[in-house]
Number of protein chains: 2
Amino acid sequence: MTTQPNIAAVAFLIADPARVAMLSALLDGRARPAGELAYAAGVTAQTASSHLGKLLAGGLLVVETEGRHRYYRLAGSHVALALETLASIGPAEPVRRKPLTRDARKLRFARCCYDHLAGRVGIAVTHGLLEKGFLVAAEKKRFELTPAGAEWFDRMGMNTASIRPTRYGLARQCLDWTEREHHLAGPLGVHLTNLLFAEGCIRRSPSSRAVDVTPKGWKVLKEHFGIQEQALL
Amino acid sequence: MTTQPNIAAVAFLIADPARVAMLSALLDGRARPAGELAYAAGVTAQTASSHLGKLLAGGLLVVETEGRHRYYRLAGSHVALALETLASIGPAEPVRRKPLTRDARKLRFARCCYDHLAGRVGIAVTHGLLEKGFLVAAEKKRFELTPAGAEWFDRMGMNTASIRPTRYGLARQCLDWTEREHHLAGPLGVHLTNLLFAEGCIRRSPSSRAVDVTPKGWKVLKEHFGIQEQALL
DNA sequence: CGCATGCTTCGACACGTATCGAAGCATTGG
DNA sequence: CCAATGCTTCGATACGTGTCGAAGCATGCG
């Protein structure tokens with residue numbers, strides 16, 4: 001009556017990490033298909049659909065169907081404003097975040113981002129390459145392959161000279177939505193991922209994009225970058 | 001990193017009706033003791049304490065201990081801003097509100113607001129008195145007792161002429177926090193409530209402030225105001 | 001000093017819901 | 001027309017958490 005009856009209802013819609021990831025992915029005001037939002041949130045299509053349905057019912061999103069795609073968009077700038085305002089309140093770290101099921105955890109831990117490695121493991125590998133000086137961050141969201149890096153990749157069994165860069169370059173910085181950091185993408189990232197598959201370091205898990213690191217994989221990661229499984233959990 | 005990591009955590013804190021009620025009660029920037037906030041939210045002291053602890057940990061509130069009271073206050077104007085911004089997004093009605101346990105439901109259904117009747121039943125009775133023309137809303141959050149009203153109260157067994165008004169008047173409008181409407185308070189409300197107790201229409205329930213309406217009570221309420229239990233659930 | 005008050009902590013319970021797998025509906029493309 | 005893609009719906013499960021009762025800790029009052 002006098003006050004705002006559904007603050008809690010609106011806040012509830014924003015109170016889920018997956019939904020925040022989706023909303024954040026839409027902060028630029030453009031519309032994106034459900035699948036992309038599912039990917040951004042690191043959840044399956046079914047889960048994403050459920051979330052999107054709620055956001056839609058709550059009036060935070062609007063949808064536009066085009067062919068077999070459904071494009072979601074923020075309902076207006078006021079939604080973006082609310083997100084920014086909430087963000088300004090943090091850190092609020094002490095409150096523990098919502099738990100994840102084992103499957104969702106797996107997905108966040110290691111997965112294929114289309115055709116290259118993402119998730120915590122992907123980030124860790126990218127960090128390792130940067131620390132060793134094999135890659136350096138460059139402009140336009142690219143990575144530059146250093147001479148030392150070329151040598152290392154070649155020694156690993158890749159013929160870097162033969163890899164054709166796309167118009168976006170040889171190695172791109174891809175924003176990892178679940179970790180909010182950059183991981184290695186582009187032709188170099190694809191080749192590296194393929195190599196890890198071929199060597200038996202990683203395996204596709206039954207669930208769609210998730211990836212399992214094999215014992216051999218952990219051994220390799222530790223040898224080259226000092227990455228240990230425990231440290232990533 | 002680049003974006004806001006804990007939007008969900010902050011939103012989660014606001015995503016509960018009880019917490020919103022508490023935060024709303026603090027919107028004026030003044031500090032209030034835990035008990036008052038518990039009452040505002042329509043929950044018990046234990047529950048309120050739990051909520052306040054979380055809001056405190058999340059940085060939405062600050063606390064100041066004074067004697068055996070603990071005064072809570074909004075952590076800053078940015079918190080108030082966030083609440084207002086969220087309110088601007090509504091209605092968002094379609095999303096169903098959080099469920100309540102049977103006890104909390106009882107409290108919201110009927111309870112004593114210090115010494116007068118509140119909750120849905122209290123609101124319904126007040127509405128009934130207004131509809132019958134026994135009371136009329138007046139300025140300064142007061143109710144005016146009409147001649148017809150005086151006659152009715154007297155017939156019910158109250159000597160209205162003998163009731164001494166306080167400096168706030170004979171009958172006050174008290175904002176019901178759980179229903180967000182006004183119910184009858186002031187000396188007239190107190191006397192009416194006492195009468196209902198004396199007549200066996202309502203009974204104090206074991207839980208603190210909750211009130212049970214007896215079968216006889218429902219009969220009386222239906223006869224005089226057409227209030228039925230079913231309609232209030 | 002003991003009792004009452006105000007608030008918090010502990011323990012237990014019930015209910016939502018976030019999640020995924022599988023199936024179902026559309027639409028596009030061969 | 002059939003297969004593939006994109007998304008949603010259905011069903012089942014696991015896990016938090018909001019809730020209260022009872023107990024514990026302070027503080028204040030008689």
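Residue numbers begin at 1 in each chain, while the letters A, B, ... track the order of the sequences.
Contact of the A:I163 side chain with the A:L188 side chain is registered, since non-hydrogen atoms from C-beta on lie closer than 4.5 Å.
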All N/O pairs under 3.5 Å across the protein-nucleotides 3-12 of chain C interface:
{"unit_1": "C:dT5", "atom_1": "O2", "unit_2": "B:R68", "atom_2": "NH1", "d": "3.2"}
{"unit_1": "C:dC7", "atom_1": "OP1", "unit_2": "B:A34", "atom_2": "N", "d": "3.1"}
{"unit_1": "C:dC7", "atom_1": "OP2", "unit_2": "B:G35", "atom_2": "N", "d": "2.9"}
{"unit_1": "C:dT8", "atom_1": "OP1", "unit_2": "B:R70", "atom_2": "NH1", "d": "3.1"}
{"unit_1": "C:dT8", "atom_1": "OP1", "unit_2": "B:Y72", "atom_2": "OH", "d": "2.4"}
{"unit_1": "C:dT8", "atom_1": "OP2", "unit_2": "B:S49", "atom_2": "OG", "d": "3.0"}
{"unit_1": "C:dT8", "atom_1": "O5'", "unit_2": "B:S49", "atom_2": "OG", "d": "3.0"}

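Between B:E64 and B:R70, no side-chain nitrogen of the basic residue sits less than 4.0 Å from a carboxylate oxygen of the acidic one, so the salt-bridge criterion is not met.
When each of D:dG18, C:dT19, D:dG21 is scored by its nearest atom to the side-chain atoms of B:T44, the top-ranked nucleotide is D:dG21. When the nucleotides D:dT19, D:dC20, C:dG21 are ranked by their closest atom to the side chain of B:H51, D:dT19 comes out on top.
Distance B:R19 CZ to D:dT19 P: 8 Å, rounded to the nearest Å. Atom CZ of B:F12 is separated from atom C1' of C:dT17 by 12 Å (rounded to the nearest Å).
The shortest distance between the side-chain N/O atoms of A:K54 and the OP1/OP2 oxygens of C:dT17 is not below 4.0 Å.
In this structure, A:R19 is positioned above the aromatic face of A:F12, its NZ or CZ under 6.0 Å from the six-membered ring centre and within 45° of the axis.
Within 6.0 Å of NZ on A:K216 lie more than 12 heavy atoms contributed by other residues, nucleotides or ligands.
With hydrogens and angles ignored, the 3.5 Å screen pairs no side-chain donor or acceptor of A:S49 with any backbone N or O of A:A45.
Qualifying side-chain hydrogen bond (donor to acceptor under 3.5 Å, both in side chains) partners for A:T47, counting only residues two or more places apart in sequence or in other chains: A:T44.
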